[in-house]
Amino acid sequence: MADEKLTPRSENYSEWYNQVIQRAELADYAPVRGCMVVRPYGWALWENIQQSLDRRFKETGHVNAAFPMFIPMSFLEKEKEHVEGFSPELAVVTIGGGEVLEEPLVVRPTSETIIGYMYSKWVKSYRDLPILINQWANVVRWEMRTRLFLRTLEFYWQEGHTAHATAAEAEEETLRMLGIYADFAMQDAAIPVIPGRKSATEKFAGAAASYTIEAMMGDTKALQSGTSHFLGQNFAKAFDIQYLDQNNELQYCWTTSWGVSTRMVGAIIMTHGDDQGLVFPPRLAPIQAVIVPIYRNEEEQGKVMPVVEKIRSQLAAFRVKVDDRTEVTPGFKFNDWEMRGVPLRIEIGPKDVEKGTVALARRDKPGREGKAFISQENIVSAVTGLLDEIHISLYNRARDFRDAHMYDPKDYNEFQEVVQNGWAFSWWCGSADCETKIKEETKATTRCIPLDQPGGTGKCIYCGQPATEKTYFARAY
RNA sequence: CGGGGCGUGGCUCAGCCCGGCUAGAGCACACGGUUCGGGACCGUGAGGUCGGCGGUUCAAAUCCGCCCGCCCCGACCA
C-alpha cells in the first residue's frame with residue numbers, strides 16, 4: 001500500500017528510484033547484501049520482456065537450453081582476458097556436501113566457458129554449424145556497489161551463445177542480435193537507443209569486439225541496456241571448438257554471445273517514470289488497463305458491477321485488472337495505479353451506467369488533459385488506439401528528452417560542461433589515454449561509437465589528433 | 001575498500017547529549033460505524049528481547065568497548 005508522496009525526481013533521483021521500486025512492489029531488498037527479491041509485479045514485467053525477446057530469438061532460428069550454474073575454476077582461466085576481467089567479482093564454492101572440493105567451482109558470472117566446453121564436444125563438422133543457443137538464467141557477479149535492478153550480486157538475464165564457420169557469419173550474427181535488441185527497446189519498451197561499438201577499454205573481457213545499445217535515463221545518465229559480442233576465435237581456441245570443413249581441414253569456429261538482463265527493468269523505470277511514479281510502456285505493462293468501479297451504496301454497486309464485468313469481458317484481449325477493493329476510495333486507487341505505472345485507467349460509475357459511457361484516463365498525460373469520456377460501445381477500439389498512442393508518445397517524449405540533452409561541443413571546455421548534464425557526441429582519436437583522462441576529469445566514459453557515423457574526419461576532442469569516428473561520451477550507470 | 005549516515009512494533013521516526021516508574025507518535029494492520037467521480041473520518045484494538053555481545057551502574061534504548069548489518073557518496077562493473 002502506498003503512503004503519500006514520492007520524493008520528486010528532481011529533488012533526489014536515486015531516492016525516487018529506490019522508493020518507487022519498493023512502493024510499486026517491483027522488488028525488495030533480500031537479507032543478503034546486494035541481492036534483491038523480484039516481487040510478482042516486477043517479475044510480471046520481466047516475463048513480458050522475456051516473451052518479447054524470446055519470440056524474436058525464435059524467429060531468427062535460435063533455440064533455448066540450460067547449462068549448469070557451477071563452472072570449474074580452471075575453465076575461467078583458459079581465456080586470459082576473460083579471467084582477468086571477471087576474477088575480482090567471482091563467487092566461488094569451495095565446500096560441497098561438507099567436503100572441501102578438489103577444484104573450486106565458480107558460480108557462473110556468464111557462461112562462455114562452460115558453453116564453449118560443451119560446443120567443443122558437439123561440433124565435429126561444418127555440417128554441425130551454426131549452433132544458435134540461448135539460455136534464460138541467473139548469474140552472479142560480486143559487485144561492490146549495488147542498486148536494485150541496475151546492479152545486484154545476482155541477476156536474471158538471457159545469454160545467447162552461437163558458433164559459426166566463418167568470421168563473417170559470426171559478425172553478421174553479432175549485429176543481427178544487436179538489431180533485435182534495438183528493435184525490442186524501441187518497439188516494446190518505447191526506449192530510444194543508440195546501437196554502437198564499445199571502445200577497447202569498455203568491451204567484454206575476452207571479446208574481439210563488443211556492441212551495445214545505449215539509452216539515456218531521466219537524469220541524463222547513460223545505461224548500457226544490452227550487449228552483443230563478437231568473440232572472434234578467442235573462446236574457440238581456448239576450448240578447442242573445431243570443425244572439419246569441406247576440404248577436410250580442421251578449422252576453429254567463430255563465436256558470439258549476447259545478453260539482456262533485468263537491468264532492462266531499471267531502464268524502463270528510469271526512462272519513463274515521473275513524479276507520480278512508474279509509467280510502463282503499454283506493450284510490456286503487466287496490467288494494461290485497470291478498471292475502477294465507483295459507487296456509494298449497494299444499489300449503485302448493483303448497477304455498476306454488471307457494466308464493469310461487461311467491459312472486462314469485452315477487453316479480454318488485453319491485460320485488464322478490476323480493482324474491486326472496498327476498503328479504499330476511488331481517489332486512492334487512482335493514485336495507487338498511477339504510481340504503479342498502469343497505462344490506462346477506466347472509471348465506471350453511476351453516471352456512466354446512465355449515459356452508456358466510461359471515463360478513460362491515460363497515464364502519460366496527467367489530470368484532466370489525459371481524461372476523456374467515451375461510449376461503452378467504442379471501448380475496444382478506444383483502448384486499442386490509446387495503448388498504441390501512449391506507446392508512441394512515450395517513445396517520442398524519451399527521444400525528445402534525449403535529443404535535448406545531446407551536445408556536439410566545440411572544444412574540450414564546452415565538453416566538460418555538457419557532460420555534467422547530458423551526452424557529448426565528439427570526435428575521438430581512439431586512444432585509451434584520452435579516454436582515461438576524460439574519465440578522470442569529467443566522470444564521463446565512452447558509451448559507444450555509433451554504427452551510424454556522420455562521415456568525414458575531425459580532431460579528437462581531447463588531444464586534437466586526427467580522428468575518424470565520432471563517439472558518445474556520458475556519465476553512466 | 002575509503003568517506004558519510006543509520007539500526008527503537010510491518011514502515012517512517014521521536015526519545016539518547018543530560019541514565020530513573022508501565023518505551024512513544026504518525027502511517028500501515030484488525031474490528032465497528034459513517035464515507036466513496038482524485039490520496040476519507042471517528043471509535044476501539046493488536047503489535048516492541050530498543051541490531052548482537054560484553055562492561056560501568058542501585059538502575060541502560062540512553063554511557064563505554066567490540067562485533068554485525070543496511071543505506072547513501074566515491075574507486076570497479078550486465
Side-chain angles (χ1 to χ4, degrees), chain A residues 1-7 12-15 17-19 22-23 28-35 84-90 108-110 137-159 181 198 201-205 210 212-214 223-229 257-267 276-277 292-298 300-301 304 325-339 345-354 357-359 361 366-368 370-371 373 439-440 443 445 475-477:
Chain A
M1 195 77 41
D3 41 347
E4 306 310 311
K5 300 272 185 203
L6 287 165
T7 298
N12 185 340
Y13 198 81
S14 64
E15 185 58 31
Y17 180 80
N18 290 334
Q19 279 183 12
Q22 295 210 61
R23 293 204 193 168
D28 202 353
Y29 292 101
V32 178
R33 177 195 76 88
C35 291
E84 278 173 13
F86 280 104
S87 59
E89 51 189 59
L90 293 179
R108 64 180 165 214
T110 177
N138 55 341
V139 289
V140 169
R141 299 181 186 179
W142 215 264
E143 302 288 351
M144 293 301 222
R145 196 149 135 49
T146 57
R147 299 286 310 277
L148 291 171
F149 290 113
L150 299 178
R151 191 175 304 106
T152 46
L153 296 200
E154 181 191 26
F155 60 92
Y156 303 88
W157 74 346
Q158 56 71 216
E159 45 178 327
Y181 287 160
K198 281 290 183 187
T201 51
E202 294 279 333
K203 80 175 171 59
F204 176 75
S210 285
T212 173
I213 50 171
E214 295 286 325
L223 185 73
Q224 177 176 311
S225 307
T227 48
S228 186
H229 313 291
S257 66
W258 26 274
V260 159
S261 73
T262 36
R263 173 178 272 191
M264 184 56 77
V265 172
Q276 297 307 310
V292 178
I294 293 157
Y295 48 80
R296 269 167 297 198
N297 49 47
E298 276 185 24
E300 287 184 352
Q301 182 178 13
V304 166
R325 286 178 291 178
T326 53
E327 67 273 23
V328 290
T329 61
F332 180 91
K333 293 176 184 177
F334 298 169
N335 287 285
D336 196 38
W337 293 111
E338 277 171 10
M339 193 263 299
R345 181 180 71 243
I346 301 168
E347 305 168 21
I348 304 174
K351 291 177 209 160
D352 297 300
V353 173
E354 218 170 280
T357 59
V358 302
R368 248 170 236 284
K371 199 157 159 176
F373 292 87
K439 185 177 176 181
E440 283 170 4
K443 290 182 185 167
T445 53
R475 292 163 308 131
Y477 276 100

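Chain letters run A, B, ... following the sequence lines, proteins first, then strands; residues in each count from 1. Quick note: numbers below take in every heavy atom, side chains included, and nothing from hydrogens, waters or symmetry partners.
With hydrogens and angles left out, the side chain of A/Arg296 and the base of B/G37 share no donor-acceptor pair within 3.5 Å. For A/Asp352 against B/G37, a side-chain N or O and a base N or O form a donor-acceptor pair under 3.5 Å.
When the P atom of B/A75 is taken as reference, atom CZ of A/Arg151 falls 11 Å away, rounded to whole Å. The separation between A/Asn138 atom CG and B/A78 atom C1' is 14 Å, rounded to whole Å. Spacing between atom CE of A/Met264 and atom C1' of B/A78 amounts to 11 Å, rounded to whole angstrom units. Atom CD of A/Gln276 and atom C1' of B/G39 are 10 Å apart (whole Å). Separating the NE2 atom of A/His229 from the P atom of B/A78 is a distance of 8 Å, rounded to the nearest angstrom. In this structure, the CZ atom of A/Phe332 is 17 Å from the C1' atom of B/G37, given to the nearest Å.
Ranked by how close their nearest RNA chain B nucleotide is to the 5' end, A/Met144 and A/Gly367 are led by A/Gly367. If A/Ile348 and A/Glu202 are placed on RNA chain B by their nearest nucleotide, the residue sitting closer to the 5' end is A/Ile348.
Classification of the A/Trp258-A/Tyr181 ring pair by plane angle, with boundaries at 30° and 60°, yields perpendicular.
Formation of a donor-acceptor pair under 3.5 Å by the A/Asp352 side chain with backbone atoms of A/Gly349 is found in this model. Put simply, the side chain of A/Gln19 gets close to the backbone of A/Thr7: a donor and an acceptor are under 3.5 Å apart. Although no hydrogens or angles enter the test, the distance criterion places no donor-acceptor pair under 3.5 Å between the side chain of A/Tyr477 and the main chain of A/Gln224. In this structure, the side chain of A/Arg108 engages the main chain of A/Asn138 through a donor-acceptor pair within 3.5 Å. Under the 3.5 Å distance criterion, the side-chain polar atoms of A/Glu202 are left unmatched by any main-chain donor or acceptor of A/Lys198. Panel note: side chain A/Ser210, backbone A/Phe204; a donor-acceptor pair is recorded below 3.5 Å.
Distance from the side chain of A/Ile294 is smallest for B/G37 among the nucleotides B/C77, B/G37, B/A78. Comparing B/G38, B/A78, B/C72 by their nearest atom to the side chain of A/Phe334 picks out B/G38. Checked against B/U35, B/A78, B/G38, the side chain of A/Thr329 finds its nearest nucleotide in B/U35. Closest approach to the A/Lys351 side chain among B/A78, B/C1, B/G37 is made by B/G37 (side chain taken as heavy atoms from C-beta onward). In the set B/G37, B/C72, B/G38, B/G38 carries the atom at the smallest distance from any side-chain atom of A/Glu338. Looking at the side chain of A/Asn18, the nearest of the listed nucleotides B/A40, B/C72, B/G38 is B/C72.
As judged by a 4.0 angstrom heavy-atom cut-off over every strand, A/Thr152 is placed among the base-contacting residues. Nucleic acid contact for A/Gly259: none, since no nucleic acid atom lies under 4.0 Å from a heavy atom of the residue. Among the protein residues, A/Ser14 comes within range of the sugar-phosphate backbone only, with heavy atoms under 4.0 Å from sugar or phosphate atoms but none that close to a base. Within the nucleic acid shown, A/Arg368 has no heavy atom closer than 4.0 Å to any nucleic acid atom. When heavy atoms are screened at a 4.0 angstrom cut-off, A/Gln224 is found touching the sugar-phosphate backbone but no base atom. Residue A/Tyr29 is classed as a sugar-phosphate contact, given heavy-atom separations below 4.0 Å to backbone atoms only. Counting any heavy atom pair closer than 4.0 Å across all strands shown, A/Asn297 reaches no nucleic acid atom. At the heavy-atom level, A/Lys198 lies nowhere under 4.0 Å from the strands shown. Among the protein residues, A/Pro350 comes within range of the nucleic acid bases, having at least one heavy atom under 4.0 Å from a base atom.
Across the P atoms, B/G32 and B/C70 are found 42 Å apart, a figure rounded to whole Å. The same atom, P, is picked in B/U12 and in B/C17; the two are 24 Å apart, to the nearest Å. When the C1' atom is compared between B/G48 and B/C58, the two are found 26 Å apart, to the nearest whole Å. Comparing the P positions of B/G5 and B/C63 gives a spacing of 16 Å, expressed to the nearest Å. Rounded to the nearest Å, the gap between the P atom of B/C16 and that of B/A75 is 38 Å. Nucleotides B/A28 and B/G39 have their C1' atoms positioned 14 Å apart, rounded to a whole Å. A distance of about 37 Å separates the C1' atoms of B/U44 and B/G52, rounded to the whole Å. Straight-line distance between the P atoms of B/C18 and B/C64: roughly 9 Å, to the nearest whole Å.
Using a 4.0 Å cut-off, some side-chain N or O of A/Arg145 falls inside it from OP1 or OP2 of B/G74. A close approach under 4.0 Å does not occur between any side-chain nitrogen or oxygen of A/Lys439 and OP1 or OP2 of B/G74.
Taking the 5.5 Å centre cut-off and the 30° plane limit, the aromatic side chain of A/Phe155 is classed as stacked on B/A78.
Taking the six-membered ring for Trp and the full ring otherwise, A/Phe149 and A/Tyr156 have centroids separated by 6.0 Å or more.
Under the 4.5 Å side-chain criterion, counting only non-hydrogen atoms from C-beta, A/Val304 is in contact with A/Pro293.
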* Structure fact -> Intra- and inter-strand pairing of RNA chain B, written as dot-bracket with Watson-Crick and G-U pairs under 3.5 Å and | for the latter, reads ((((((((.[[[[.)....(...]]]].((((((.....)))))).....[[[[[..)....]]]]])))))))....
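Under the 6.0 Å distance and 45° angle rule, A/Arg345 counts as a cation-pi partner of A/Phe334.
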